[in-house]
Amino acid sequence: MHIVVLAGGVGGARFLRGLLDAVPDAEVTAVVNTGDDVTMYGLRICPDLDTVMYTLGDGIDEERGWGQRGETWTVKEQLAAYGAEPTWFGLGDRDLATHLVRTRMLGAGHPLSEVTAFLAQRWQPGVRLLPMSDQRVETHVVVDDPATGGERTLHFQEWWVRHRAALDARRFVQVGVDDARPGPGVVEALATADAVLLAPSNPVVSIGTVLGVPGVRDALRAASGRVVGVSPIVSGAALRGMADRCLPVLGVEVSAEGVGRHYGARSTGGVLDAWLVHTGDTAAVPGVDVRSVPLLMSDPAATRALAQAALDAALPGSAR
Ligand code: GDP
Ligand code: CA
């Protein structure tokens, strides 16, 4: 069985862990958002790829949800002692090794997909880890600029991490998307997968960014396997995080129904065949098989059960 999962960082990583737990023998391809990628101090940082890699490679800091367990912060402290900017980004000592290797390989001309495969040799995530694209696509956020009365644009990481998404966003821009193509293997994986799952990741700046790469949405729409999405919104709120700051920017209601309708049914030009909402939530999404199951990834058993429910919706009647 071959399963493709579209994923962002923390929500995507946890869901993937549950999936591997539910079906250890399945071949799983993770297509991961790279719109959060950023260059700091000359280093190329891929937060969502690293979160997935560390989580599945049993190296994640579970409390924080990102970065490595046992992290130390000497370099960050030393940079701060120089007053070097930016100070708001968590650059851990252990994490730095990943960024150094990645940056050097990219500089030597290796595409991100190759670099990611190389890094994954160490972490053995148990999935095929594919960046959504080898081309740079960076999410930027357009906000009000009180100084001029106009607007200004900042990198998504600065908006998210430094400002905690507190600045009202006018719109998101995918810088570079026009020249981007799906990463090697992405379209092929979608075409041949028995099931395609949209992790409970941020629908705007994680899944939305992946779907924005020219060719990905079409590949998903043409996939022969069923496409099942898992709502990241439970009881009208984003769990852990600030996804509720992103949806209104697109005019999407912060609810399981709002996100489900935003994704839409494959039969009506959207991407979903089935949509999982949390027990007690309801969602009317025309053309979509909506099921309510527990969606809280609070412990390994619950996370495994969620992944299993997504598979059940994707492979109806399958003996597995
Ligand atoms: P990020 O890139 O680290 O922000 O992570 P993702 O985009 O993969 O996922 C973030 C989203 O995961 C948040 O918007 C939450 O709504 C969602 N999320 C986090 N924990 C859970 C959970 O236990 N269940 C569900 N259904 N969604 C969750
Ligand atoms: Ca992210």
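Quantities reported herein were computed from a predicted structural model and do not represent experimental measurements.
Evaluation of the salt bridge (charged side-chain N to carboxylate O under 4.0 Å, His left out) test over residues 130-151, restricted to residues two or more places apart or in two chains, returns R44-E138, D144-R170, E151-R170, E151-R171. For residues 251-263, the set of pairs meeting the side chain to side chain donor-acceptor pair (under 3.5 Å) definition, not counting sequence neighbours, comprises E253-S255. Identified under the salt bridge (charged side-chain N to carboxylate O under 4.0 Å, His left out) test for residues 83-106, with sequence neighbours left out: D50-R102.
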Run W159 and L167 through side chain to side chain contact (heavy atoms under 4.5 Å, CB included) and show every step you take. CA-CA 7 Å; W159 181 72; L167 304 176; 4.0 Å; yes
Apply salt bridge (Lys or Arg N to Asp or Glu O under 4.0 Å) to the pair R152 and E158, showing each step before the final yes or no. CA-CA 12 Å; R152 68 187 179 99; E158 186 174 1; 5.2 Å; no
Step by step, would you call R291 with W275 a side chain to side chain contact (heavy atoms under 4.5 Å, CB included)? CA-CA 6 Å; R291 303 178 176 201; W275 182 233; over 6 Å; no
Criterion side chain to side chain contact (heavy atoms under 4.5 Å, CB included) on D37 and L112, from CA distance to verdict: CA-CA 11 Å; D37 294 8; L112 182 62; 4.0 Å; yes
For side chain to side chain contact (heavy atoms under 4.5 Å, CB included), just list the numbers for L154 and H163, CA-CA rounded to whole Å, side-chain angles, deciding distance to a tenth of an Å, and then say yes or no. CA-CA 11 Å; L154 61 170; H163 297 288; 3.7 Å; yes
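Hydrophobic clustering (side-chain heavy atoms under 4.5 Å, transitive across Ile, Leu, Val, Met, Phe, Trp, Tyr) keeps V52 apart from V10. Put simply, V252 and M242 are part of the same group of oily side chains (I, L, V, M, F, W, Y) that touch within less than 4.5 Å, one to the next. In this structure, V227 is not a member of the same hydrophobic cluster as V127, with clusters built from ILVMFWY side-chain heavy atoms closer than 4.5 Å. Cluster membership check: V213 does not share its hydrophobic cluster with V175, using side-chain heavy-atom separations under 4.5 Å among Ile, Leu, Val, Met, Phe, Trp and Tyr. Clustering ILVMFWY residues whenever any of their side-chain heavy atoms sit less than 4.5 angstrom apart, transitively, puts L250 in the very cluster that holds V143.
No option in T282, D281, L272, V277 other than V277 meets the side-chain contact (heavy atoms from CB on, under 4.5 Å) test with V290.
In this structure, the separation between CG on L49 and CG on L129 is 5.5 Å, given to the nearest 0.5 Å. Expressed to the nearest 0.5 Å, how far CG of L306 lies from CZ of R14 amounts to 13.0 Å. The distance from the CE atom of M132 to the OG atom of S113 is 13.0 Å, given to the nearest 0.5 Å. Note that NZ of K76 is 8.5 Å distant from CG of L91, once rounded to the nearest 0.5 Å. Here the CG atom belonging to N33 is positioned 11.0 Å from the OG atom belonging to S133, to the nearest 0.5 angstrom. In this structure, the separation between CG on D58 and CD on Q124 is 12.5 Å, given to the nearest 0.5 Å.
In this structure, the side chains of L311 and I3 come closer than 4.5 Å at one or more pairs of heavy atoms. Between P232 and L239 the shortest side-chain heavy-atom distance does not fall below 4.5 Å. At least one side-chain heavy atom of R17 sits less than 4.5 Å from a side-chain heavy atom of L56. With a 4.5 Å cut-off on side-chain heavy atoms, V216 and P214 do not count as touching. Taking the side chain as every heavy atom from C-beta outward, V28 and L19 approach each other to under 4.5 Å. A heavy-atom distance below 4.5 Å is found between the side chains of M105 and F118. Side-chain contact check for L276 versus V228: some heavy-atom pair is nearer than 4.5 Å. A 4.5 Å side-chain heavy-atom check between V115 and L106 finds at least one atom pair inside the cut-off.
Of all non-hydrogen atoms in V234 and H278, the two that sit nearest each other are CG1-CD2, 3.4 Å. Across all non-hydrogen atoms, the minimal contact from M53 to T98 is CE-CG2, 4.1 Å. Residues W160 and C246 come closest through the heavy atom pair CZ3-SG, 3.9 Å. Between D48 and S206, the closest heavy-atom pair is OD2-OG, 3.9 Å. Scanning both residues, F156 and V141, for their nearest heavy atoms gives CA-CG2, 3.9 Å. Looking at every heavy atom in both residues, R245 comes nearest to A166 through NH2-O, 3.3 Å.
Around the CD atom of E63, the shell of radius 6.0 Å holds no more than 12 heavy atoms that belong to other residues, nucleotides or ligands. Residue-environment remark: CZ (R164) stays at or below the threshold of 12 foreign heavy atoms within 6.0 Å.
Evaluation of the ring-ring contact (aromatic ring centres under 6.0 Å, His included) rule for H140 yields H155 as partners, not counting sequence neighbours. Residues forming a ring-ring contact (aromatic ring centres under 6.0 Å, His included) with Y54 (at least two apart in sequence, or on another chain): W123.
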Side-chain donor-acceptor pairs under 3.5 Å in residues 181-204, sequence neighbours left out?
from: E188; atom 1: OE1; to: G185; atom 2: N; distance (Å): 3.4
from: T192; atom 1: OG1; to: E188; atom 2: O; distance (Å): 3.0
from: D194; atom 1: OD2; to: H2; atom 2: N; distance (Å): 2.8
from: S201; atom 1: OG; to: G8; atom 2: N; distance (Å): 2.9
from: S201; atom 1: OG; to: G12; atom 2: N; distance (Å): 3.2
from: N202; atom 1: OD1; to: V204; atom 2: N; distance (Å): 2.9
from: N202; atom 1: OD1; to: V205; atom 2: N; distance (Å): 3.0

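Side-chain atoms of Q135 never come within 3.5 Å of backbone atoms of V177 as a donor-acceptor pair (strictly under, hydrogens ignored). With hydrogens and angles ignored, the 3.5 Å screen pairs a side-chain donor or acceptor of S231 with a backbone N or O of I233. Within the 3.5 Å criterion, the main-chain N or O of D21 finds no donor-acceptor partner in the side chain of R304.
Taking a cutoff of 4.0 Å between a charged side-chain nitrogen and a carboxylate oxygen, D273 and R226 do not qualify as a salt bridge.
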